Number of protein chains: 2
Amino acid sequence: MRRLTIKDVAEIAGVSTSTVSRVLSDSPLVSDDTRKKVLKVVRELNFSPNVVARALKKRESSTIGLLVPDIVNPYFAEIARGVEDIAHKSGYSVVLCNYDADTEKEKKYLQVLLQRQIDGLIYAGSGLLAGSIVNLLQAGIPTVLLDRDTSEILDVDTVCIDDESAAQLAVDHLISLGHREIAVLSGPEYLNSSRGRLAGYKLSLARSAIDFKPELVVSGPFTTEAGFELVTKLVRSGARFTAVFAMSDMMAIGAIKGLQRLNLRVPEDIAVVGFDNIKMSELITPELTTVAQPMYELGSQAFAILKERLDARHSERQRIVLKTRLIVRDSCGANLRTDKLSLA
Amino acid sequence: MRRLTIKDVAEIAGVSTSTVSRVLSDSPLVSDDTRKKVLKVVRELNFSPNVVARALKKRESSTIGLLVPDIVNPYFAEIARGVEDIAHKSGYSVVLCNYDADTEKEKKYLQVLLQRQIDGLIYAGSGLLAGSIVNLLQAGIPTVLLDRDTSEILDVDTVCIDDESAAQLAVDHLISLGHREIAVLSGPEYLNSSRGRLAGYKLSLARSAIDFKPELVVSGPFTTEAGFELVTKLVRSGARFTAVFAMSDMMAIGAIKGLQRLNLRVPEDIAVVGFDNIKMSELITPELTTVAQPMYELGSQAFAILKERLDARHSERQRIVLKTRLIVRDSCGANLRTDKLSLA
DNA sequence: CAGAGTAGTGCAATCGATTTCATTCCAGTA
DNA sequence: TACTGGAATGAAATCGATTGCACTACTCTG
């Protein structure tokens, strides 16, 4: 039950292992006759070469690491799918790592990935990274960040969205529906994306000459629980607002739950916009109006530019910004209005 | 920028590579003095050994393959998380494969995994497998199936739930609430789990002396779209029923959408039970009553028994059946009733 | 004190591929 | 005819670890 090696193939085909290796890697340095002869044996034996041995010799493992906070989070699941699909098509395997936004875990995973001689890394963002990632870059492992990288020191490829203008899509929509008191459920403050989205929010307000009220901005993790609690606290605090801009769909969904629990109707009493457009957003009631992020493309693009790096086709730093768009559904009442209008 | 090898460590520490290797693998065949000396150098150089070389020599890659239909499906995402967590703790890396229940893709992935010399495989189930999996088993790769395996020919470890009794949990609940016309939204008919759950349904009916009506059973994929369409068709067909047993939460959620679209209230007009207890189930309105599957444990147990295989601690086939339980929320009206009672 | 046993160490072969370099063979050219 | 150059092939070194075997230097025993 020993696994076959190119040596076995070589013997049967009556050639050397060098030749078999050349055939298997499509080298032009083989005559057609020999090539056919070898391929015949390969097929008959159903032989497939040992990738580990190849990796050792070539110092390329055709493996990449994918670090995500948590694959259970549908946002990262879609990204992962995008990465894996394209990676597989290009002959790469992806090692999945859930680091839970935990610096210790992150360090441990990075170490393991290094030992495994991964060719590259895709890092989906807790935004905490700086520390450990730097080691990787020093070790010369091509890395792509799925997040805007603000530090100009860190010379790394990135794929991201334009958080600022994406947020404006959401806020402008609310404003166009007549809202002027718009609460914000922000993600963690240390995240670039939270900051960018908040900046977009302020910009939209300013353009419509609405005062920015800091007391309407609260922040927490991108979870339903946080959405629920933040909105509840906000209402109980007596803050006045007619709409909520949540920086993730999970938060928005939690917020809607919270509002309903307080006997406030969405969208009649309070409008809610989300962010991400995860599948769940169109399954809840009311269906969520949200800013769609192209998660799958975020992942597939990340792999694509990583691949370019690996093939040494690009040496300058690349930064790709993908488009977002507003998906109007029911949670802001936009459709209600048009209904009314069409009745009038 | 060359990566360090044990040879470098050996030279600096003034010992042979054998000794360094022994120290790194905790062999007792090294004196305390030497061990300390070597470890000091290892630490100073921040050296970590090349896992690829080790894999080649030891013929163990400390890597496992994880085949799931689609990581975006929250059911499989949780399983994957369970697998990865425990695998990582045991020093294994997991290669993620999304095969989309597509036999061709499956074959391709299996081939790649074999080439990569994976130590084991966890196969989460489309139920179609038989074909390609057999090759793996023949190749001697330890495999764990996340599904009941009915074929007694296939001698493979499995982790699963008891679909039959799990379904009874759901159906009995509906019956106890007075329902006697219970429609079934079944998963694909070729799946063991669909069959098992249907058997449970029939058993529950029989025990309450309710006639089984085949026209109340419809089937399709485990998706919201299918749930939506199947229930819509069922209602339009004029079938009479007061409750729906959906074999997955996604279907149940789709069904609720469909019923609401038809102006039927859930649970007042029609009760709905789901299956799985994915996170989303408590986020929709009404909150879904469902049979909880321990997805994370399914995954972690799968790795656990795979590990036992790898350590050669178990040679007999293992089959683990995990417990399910009913989670009563709002979609069946059970809470409505108690509310009324407490008012009376 | 001789001989046996054992702990600690190193040499060298090995895992299964890739690749450099040398070699052979033959066509083309002067 | 002799020589050059290119195409096709193989021998052998190599990637970075592990490990069987040989060897040394002790300790222990009778």
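Being a predicted model, the structure only gives us computed values, none of them experimental. The chains referred to below are lettered A, B, ... by the order of the sequence lines, with proteins before strands, and numbering in each begins at 1.
For the pair A:Arg54 CZ and D:dA17 P, the interatomic distance rounds to 21 Å; values are reported in whole Å. For A:Leu29 and C:dT18, the CG to C1' distance is 13 Å, given to the nearest whole Å. Atom CZ in B:Arg59 sits roughly 12 Å away from atom P in D:dT19 (whole-Å rounding). Summarising the geometry, the separation between CG on A:Leu24 and P on C:dA17 is reported as 8 Å, rounded to the nearest angstrom. Distance CG (A:Asp33) to P (C:dC25): 17 Å, rounded to an integer number of Å. In this structure, the CG atom of B:Leu56 is 13 Å from the C1' atom of C:dA13, given to the nearest Å. Remark: P of C:dC15 and CG of B:Asn50 are 18 Å apart, rounded to the nearest angstrom. One interatomic measurement links the two molecules: CD of B:Glu60 to C1' of D:dT19, which rounds to 14 Å at whole-angstrom precision.
B:Lys7 approaches B:Thr17 most closely through the heavy-atom pair CA-CG2, 3.8 Å. Closest non-hydrogen pair, B:Ser62 versus B:Gly91, comes out as CB-O, 3.8 Å. Contact detail for A:Thr143 and A:Leu306: the closest heavy-atom pair is N-CD1, 4.3 Å.
Nucleic acid contact for A:Thr34: sugar-phosphate only, since backbone atoms but no base atoms lie under 4.0 Å from a heavy atom of the residue. Within the 4.0 angstrom heavy-atom criterion, only backbone atoms of the sugar-phosphate kind lie near B:Ser31; the bases stay farther away. Among the heavy atoms of the strands lying under 4.0 Å from B:Val15 are primed sugar atoms or P, OP1, OP2 only; no base atom is included.
Ring to ring, B:Tyr123 and B:Tyr109 are not that close: their centroids are 6.0 angstrom or more apart.
Side chain of A:Ile6, nearest nucleotide from C:dT9, C:dT18, D:dT19: C:dT18. When each of D:dT18, C:dG16, D:dG16 is scored by its nearest atom to the side-chain atoms of B:Thr5, the top-ranked nucleotide is D:dG16.
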Please tabulate, one pair per line, each protein N/O and nucleotide N/O from nucleotides 21-28 of chain D that are separated by under 3.5 Å, including the distance.
none

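For A:Gly14 and B:Thr19, each mapped to the nucleotide of DNA chain D holding its nearest heavy atom, the one lying further toward the 5' end belongs to A:Gly14. Judged by closest nucleotide on DNA chain C, B:Arg35 is the one of A:Ala53 and B:Arg35 placed further toward the 5' end.
You'll find a donor-acceptor pair under 3.5 Å spanning the side chain of B:Lys57 and the base of C:dT14, going by distance alone. For a distance-only test at 3.5 Å, the side chain of B:Ser18 qualifies as a donor-acceptor partner of the base of D:dT19.
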